[in-house]
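Remarks on the structure that follows.
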Amino acid sequence: MVPGQHMPLFEVFIRSRRGLDHKHVGSLHAETHQQALEYARDCYTRRSEGVSIWVVRSGDIVASQEEDAGEFFDPMDDKPYRHATHYRLPPEVDNM
Amino acid sequence: MNDSNASPEELLRRFQARIDAEQRIEPKDWMPEAYRRTLVRQISQHAHSEVIGMQPEGNWILRAPSLRRKAVLLAKVQDEGGHGLYLYSATETLGVSREELVEALHEGRAKYASIFNYPTLTWADIGAIGWLVDGAAIVNQISLQRTSYGPYARGMVRICKEESFHQRQGYEVILTLARGSAEQKAMAQDALDRWWWPSLMMFGPHDAESAHSAQSMTWKIKRQSNDELRQKFVDQTVPQAEFAGLVIPDPQLLWNAERGHYDFGPIDWEEFNRVVAGNGMCNRDRIAHHRRAHEEGEWVREAVRAHEERKRERAAQDAA
Ligand SMILES: [Fe+2]
Ligand SMILES: [Fe+2]
């Protein structure tokens, strides 16, 4: 390791309660996955914020860019009929 | 509290205690092998139903009566494919591969909802499916949002959010026909006549005859019994039929003020068993079509692989 160089970056996901999804909470530097787990525990769950942690190397995450969101999500905008509210039903049967 | 040195009895006790405390079981938790197997069977059966269910509706995409109806039906069928994906992924968290699941479907070892073995003869059937079949599925799925296996429960939450549009568009089709010409109203009635009983059968055998029910209730895989859910569906659907001016094909259907529920006539379980056993109108077609779709998609997967291979070669050349 080059002196002064940081260890690899990991993204941290925490499940706050049994039954919920893991949620992204932040990132940290660590040398190995195991170490990242321990750092994440020390760093992100000091007040029992979680019951389970996932760590993933940041470099392994492929993300779409928000600047491209217009084009990327474009096909979703013009389909109002995907929403339940698009179908107007008389009040007598509107509870479905 | 370490699982690795606890006795099997102790592990089982902790497992059940967790379920009794309304906590979810997550993929890496210890679980009895029979719990795992039951989940694999049930969730994959549910996944297969979503995917096979695309066929009777897909049959009408090109023939839907207007551009709006086509777009809506296409969006709905696309959702069902997505539901299949959510559920296959939930099954995969239990350590089975997609290949194994699909193979079990193709070889007839895995089942799917037998209602999808009925043909869609007229446009009104598309309305009836959304209204009744999705309606029945929603009743079941709402209950399963509280199932004990975490990934399954979360999949159900996602699916329920999308289902409401399915039922509403179906009822809209039925209501439009029911308020149309005499011929159109007759089409809507005919569709209700054919889809009503199979929809009631979707909830499965009566509680007394249901093979897996008791254990599944203890494990909270199932949260409400087949008969409870079926009753709920009948109670909410009868007023919707009345509002559309349609008649539910059951002479014994009657409001029971004492019970606060509708009474309804006996279900023809012989027909149910015949269809489950593979002798419904479309069983063979459905599986043959699924196989064919998979085989005919092989060239796409092959092209993707070849394209990636070429990209890697080119990158290697550029680097050299
Ligand atoms: Fe669905
Ligand atoms: Fe649906």
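Order of the sequence lines sets the chain letters (A, B, ...), proteins ahead of strands, with each chain counted from 1.
Within the 4.5 angstrom heavy-atom criterion, only side-chain atoms of B:Q78, from C-beta onward, approach chain A. Residue contact with chain B, scored on non-hydrogen atoms closer than 4.5 Å, is absent for A:R17. Proximity to chain A is limited to the side chain of B:L175, based on heavy atoms less than 4.5 angstrom apart.
When each of B:G135, B:P151, B:A71, B:P239 is scored by its heavy-atom pairs under 4.5 Å with chain A, the top score falls to B:A71. Here B:Q169 is the residue among B:Q236, B:Q169, B:Q23 with the most heavy-atom pairs under 4.5 Å with chain A. Ranked by heavy-atom pairs shorter than 4.5 Å toward chain A, the options B:K76, B:R24, B:E162 are led by B:R24.
Annotation for A:R82 and B:A75: closest pair NH1-CB, 3.7 Å, computed over non-hydrogen atoms. Here the shortest heavy-atom pairing between B:Q240 and A:N95 reads NE2-OD1, 4.5 Å. Between B:I25 and A:R18 the shortest heavy-atom distance is CA-NH1, 3.9 Å. Closest non-hydrogen pair, A:Y87 versus B:R68, comes out as CE2-NH2, 3.8 Å.
Rounding to the nearest 0.5 Å gives a distance of 13.0 Å between NE2 of A:H83 and CZ of B:R168. Separating the CD atom in B:E172 from the CE atom in A:M96 is a distance of 10.5 Å, to the nearest 0.5 Å.
Other residues, nucleotides and ligands place more than 12 heavy atoms under 6.0 Å from the CZ atom of B:R312. In the displayed structure, B:K232 atom NZ is contacted under 6.0 Å by at most 12 heavy atoms of other residues, nucleotides or ligands. Within a 6.0 Å radius of CZ in A:R41, other residues, nucleotides and ligands contribute more than 12 heavy atoms.
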